[in-house]
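Indexing begins at 1, ligand by ligand and atom by atom, following the structure's order.
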Amino acid sequence: MDMNVSQLLREPIGSTRDYAIDEVIDITGEGKNENRIKGACNMIRTQRSILVRCNLNTELELSCSRCVNTFQQPLKIKFNEEFYPALDVDSGAPLDPPEESTAFTIDEQHTLDLTEAVRQYFLLAVPMKALCKKDCAGLCVKCGKNLNLGKCDCPPENIDPRWARLADFK
Ligand SMILES: [Zn+2]
Ligand SMILES: [Zn+2]
């Protein structure tokens, strides 16, 4: 997701660009996934940087925390990040690196690469307990059958003796 921003860096503070995004990246970085990213980004020239605002969505293959089946989880992200140029675009002189070492940078060729920021934000958007559907029935703890596909033949759980009498009463 490389953008050449040399022109934008030469423009006055407040100049903007809009980009429509439709690209494939590997969000997990494991080399086995290809994730199509769609949405829009806007870039604004600030005094020291380029402020990038993005609104993006994708689908990521996850495995359900209850039934272990894999499924496609839609994910949406929205972020603002500053990207700091390594060189002054006119003089070519090196600029001081940003104070935070984790800040995003624009390389010596004035290429702003969105990939790492987009990956990080999508990874943050992954739910801690992914579910294939809200009411996923999960696996039977005894026989391991996927209960979304129907009941298993295991006997029902033992009823708490305090409630057993009530059950008899019925
Ligand atoms: Zn499930
Ligand atoms: Zn069972």
Thiol sulfurs of C41 and C54 closer than 2.5 Å: yes
Angular separation of C67 SG and C136 SG about the Zn ion (ligand 1), given to 10°: 110°
For the student: nearest non-hydrogen atoms of N146 and L139, plus distance: CA-CD2, 3.6 Å
Within 6.0 Å of CG in D153, more than 12 heavy atoms from elsewhere: no
Cluster overlap L60 with F79, hydrophobic side-chain contacts below 4.5 Å: yes
Apex the Zn ion (ligand 2) - arms SG from C140 and SG from C143 - angle rounded to 10°: 110°
Angle, SG of C64 through the Zn ion (ligand 1) to SG of C132 - 10° precision: 110°
